[in-house]
Amino acid sequence: MADNGLILVTGAAGQLGAVGRTVTGLLLDRGLPVRAMVRREDDRAAALRASGAEVVVGNLLEPADVYRVVSGCRRVYFGMSVSAGYLEATVTMATVAREIGVNALVNMSQMTVSQMSIQNTTPSPQQRQHWLSEQALAWSGLPVITIRPTVFLEGFFLPLTGPSVRDRGRIELPFGRGKTSPVGTADVARVVAAVLADPGPHLGRIYELTGPRSQDMHGVAREYSDALNREVTYADIPPEDWERELKKVGLPEHLTRHLVTMAELNRAGRYDRMADGVERVTGRPAMSVREFVSLHADEFGGRRA
Ligand SMILES: NC(=O)c1ccc[n+]([C@@H]2O[C@H](COP(=O)([O-])OP(=O)(O)OC[C@H]3O[C@@H](n4cnc5c(N)ncnc54)[C@H](OP(=O)(O)O)[C@@H]3O)[C@@H](O)[C@H]2O)c1
């Protein structure tokens, strides 16, 4: 069947990294037709509809739902929340995409997969599932484009450092002296939208995405200070205390184990990575920590006059 241009974006209501929601907006801005998949009918679905997307409700773990939402689309962005069913959802999507026949499947993965192999996985169930998902998609023979971002500014640094920076002027994380190069999901979404708009040159490619600088957390704290015009420091807290706090908030076990592994890998220097995927695909460099914190100053307690 010919490509009628309709693009499916899954996880379109997301509000953590919100890659799907941002991609939807960017594609609509380009005048492309978007089918935005959400899990439930709510005000986020209404906002997507108001912005011009065709909104469909479904569960990525239900094969019949996935078949219904993919039908009629030849280009797909596949991403969903960090959750225990991720591999099942990926394989379901791959099965349906093969049956229907898509021209491009943009798969959200993670940078850590670049360093994984049979002999070298990580204890994070999410990272393992991304690694296995990439294997399964490779076997599928589908026209896949793989997006491997490092840790998100929106989906990690904002929720997990916002409150302590606001209340105590401190970034409190168990990252030791490890370096990190967080990337903005605004940039990740720009990459995904550019690929979906014209997938041909990107088919089969893997894009690793980082921010413009890899530095330890004291360096990150200096960028927060510059953006907020007040002192922000880094406190290297014990990993056990952080894990206890995460458990207190009642996060699902899958997510807690993922976050605890991320901290371990950070301490071990495994997030000290640099990649130019954002600039290579979009022609614009990735946003810095300072730019990000400036844009979100209110959520970090405001900028001192
Ligand atoms: N956070 C990071 O630092 C980071 C770094 C690199 C890569 N990633 C990857 O980025 C992805 C997450 O992206 P994001 O932060 O943009 O996501 P997000 O904002 O959390 O949005 C994910 C969306 O998926 C939807 N969803 C979850 N389960 C579903 C299901 N069974 N059926 C249909 N929809 C479902 C959620 O719906 P509801 O809102 O209704 O629950 C949510 O809207 C993951 O693959 C993660 O591994 C994250």
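- For CZ of Arg49, the number of neighbouring non-hydrogen atoms (other residues, nucleotides, ligands) closer than 6.0 Å is greater than 12.
- Think of Val91 as one node in a network of Ile, Leu, Val, Met, Phe, Trp and Tyr side chains linked at under 4.5 Å; its network also takes in Leu87, Val113, Met116, Ile118, Trp131, Leu132.
- A heavy-atom distance below 4.5 Å is not found between the side chains of Tyr224 and Asp226.
- Under the side chain to side chain contact (heavy atoms under 4.5 Å, CB included) test applied with His130, the options Gln127, Gln126, Arg128 reduce to a single match, Gln126.
- Judged by distance alone, the side chains of Asp236 and Tyr234 do bring a donor and an acceptor atom under 3.5 Å apart.
- The heavy-atom pair separating Ala275 from Glu208 by the smallest distance is CB-O, 3.3 Å.
- Ion pairing between a basic and an acidic side chain is recognised when a charged N comes within 4.0 Å of a carboxylate O; Arg148 and Glu134 show such pairing.
- Under the 3.5 Å distance criterion, with hydrogens and angles disregarded, a donor-acceptor pair is assigned to the side chains of Ser288 and Glu291.
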Before giving the answer on salt bridge (Lys or Arg N to Asp or Glu O under 4.0 Å), spell out for Lys248 and Glu243 the whole-Å C-alpha distance, their side-chain angles and the decisive distance to 0.1 Å.
CA-CA 9 Å; Lys248 239 194 257 168; Glu243 185 169 350; over 6 Å; no
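- At distances below 3.5 Å, at least one donor-acceptor pair connects side-chain atoms of Thr185 with backbone N or O atoms of Gly17.
- For the side chain to side chain contact (heavy atoms under 4.5 Å, CB included) test with Leu142, the passing option among Leu105, Leu203, Asn107, Val76 is Leu105; the others fail.
- No path of Ile, Leu, Val, Met, Phe, Trp and Tyr side chains, each step under 4.5 Å between heavy atoms, connects Leu196 with Val38, placing them in separate hydrophobic clusters.
- The two atoms that bring Pro159 and Leu16 nearest to each other are CG-CD1, 4.4 Å, heavy atoms only.
- A continuous path of ILVMFWY side-chain contacts below 4.5 Å connects Leu295 to Val165, so both sit in one hydrophobic cluster.
- Taking CG of Asp298 as the reference point, atom CZ of Arg166 lies at 10.5 Å (rounded to 0.5 Å).
- Between Pro285 and Asp187, the closest heavy-atom pair is O-OD1, 4.5 Å.
- Judged by distance alone, the side chain of Arg303 and the main-chain N or O of Ala297 form no donor-acceptor pair under 3.5 Å.
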Test Phe300 against Leu158 for side chain to side chain contact (heavy atoms under 4.5 Å, CB included), laying out the working first.
CA-CA 8 Å; Phe300 288 104; Leu158 184 54; 3.5 Å; yes
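- Glu264 and Arg267 are not joined by a salt bridge, as no carboxylate oxygen comes within less than 4.0 angstrom of a charged side-chain nitrogen.
- Looking only at distances, no side-chain donor or acceptor of Ser124 sits under 3.5 Å from a matching main-chain atom of Thr122.
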Test side chain to side chain contact (heavy atoms under 4.5 Å, CB included) applied to Thr10 and Val66, step by step
CA-CA 10 Å; Thr10 69; Val66 178; over 6 Å; no
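- A salt bridge does not link Arg244 to Glu240: none of the charged nitrogens lies less than 4.0 Å from a carboxylate oxygen.
- Closest non-hydrogen pair, Gly204 versus Ile145, comes out as N-CG1, 4.4 Å.
- Note: His296 and Phe292 meet the aromatic proximity criterion, with ring centroids under 6.0 Å apart.
- With salt bridges taken as basic N to acidic carboxylate O contacts below 4.0 Å, none links Glu279 and Arg284.
- Across every non-hydrogen atom of Arg230 and Gly169, the tightest pair is NH1-CA, 4.5 Å.
- Both Leu255 and Trp242 belong to a single network of hydrophobic side chains, linked directly or stepwise wherever heavy atoms of I, L, V, M, F, W or Y lie under 4.5 Å apart.
- In the hydrophobic cluster analysis, where Ile, Leu, Val, Met, Phe, Trp and Tyr join through side-chain heavy atoms closer than 4.5 angstrom, Met80 is grouped together with Ile7.
- Looking at heavy atoms from C-beta onward, Leu48 lies in side-chain contact with Thr24 at the 4.5 angstrom threshold.
- Counting heavy atoms from C-beta on, the side chains of Val183 and Met287 never come closer than 4.5 Å.
- Residues Glu88 and Leu60 fail the side-chain proximity criterion, which asks for heavy atoms closer than 4.5 Å.
- Separation of atoms OG1 (Thr146) and CE (Met108) is listed at 11.0 Å; rounding is to 0.5 Å.
- Rounding to the nearest 0.5 Å gives a distance of 8.0 Å between CD of Glu245 and CD1 of Ile237.
- Between the side chains of Thr233 and Arg170, no donor-acceptor pair is found at a separation under 3.5 Å.
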Please report the C-alpha distance between Arg21 and Gln15 in whole Å, then the side-chain angles of each, then the deciding distance to 0.1 Å, and finally whether the side chain to side chain donor-acceptor pair (under 3.5 Å) criterion is met.
CA-CA 8 Å; Arg21 182 156 52 79; Gln15 45 199 9; 5.5 Å; no
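- In this structure, Glu223 pairs ionically with Arg213, as a charged nitrogen and a carboxylate oxygen lie closer than 4.0 Å.
- Between Arg75 and Pro199, some side-chain heavy-atom pair lies under the 4.5 Å cut-off.
- Using a 4.5 Å heavy-atom cutoff, the side chains of Val289 and Pro182 are in contact.
- Phe175 and Phe156 have parallel rings, their planes meeting at less than 30° on a 0 to 90° scale where 60° marks the start of perpendicular.
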Stepwise side chain to side chain contact (heavy atoms under 4.5 Å, CB included) check, Glu54 with Leu6
CA-CA 10 Å; Glu54 174 198 339; Leu6 183 60; 3.9 Å; yes
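- Note that the OG1 atom of Thr95 and the CD atom of Glu99 stand 9.5 Å from one another [nearest 0.5 Å].
- Val151 approaches Met262 most closely through the heavy-atom pair CG2-CE, 3.5 Å.
- Ser214 and Tyr271 share no side-chain donor-acceptor pair at under 3.5 Å.
- Counting only heavy atoms from C-beta outward, the side chains of Val195 and Tyr207 approach each other to under 4.5 Å.
- Checked against a 6.0 Å centroid threshold, the rings of His254 and Tyr86 do not count as neighbours.
- Here the side chain of Asn229 pairs a donor or acceptor atom with the backbone of Arg304 at under 3.5 angstrom.
- Hydrophobic clustering of Ile, Leu, Val, Met, Phe, Trp and Tyr side chains at less than 4.5 Å, counting indirect connections, unites Val70 with Val192.
- A salt bridge between Arg177 and Asp216 is present, with a side-chain N of the basic residue lying under 4.0 Å from a carboxylate O of the acidic one.
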List the steps, then state whether side chain to side chain donor-acceptor pair (under 3.5 Å) holds for Arg190 with Thr282.
CA-CA 7 Å; Arg190 286 198 301 114; Thr282 69; 3.1 Å; yes
Could you please spell out the steps behind the side chain to side chain donor-acceptor pair (under 3.5 Å) verdict for Thr90 and Ser133?
CA-CA 6 Å; Thr90 309; Ser133 293; 3.1 Å; yes
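- Val69 places none of its side-chain heavy atoms less than 4.5 Å from the side chain of Ser71.
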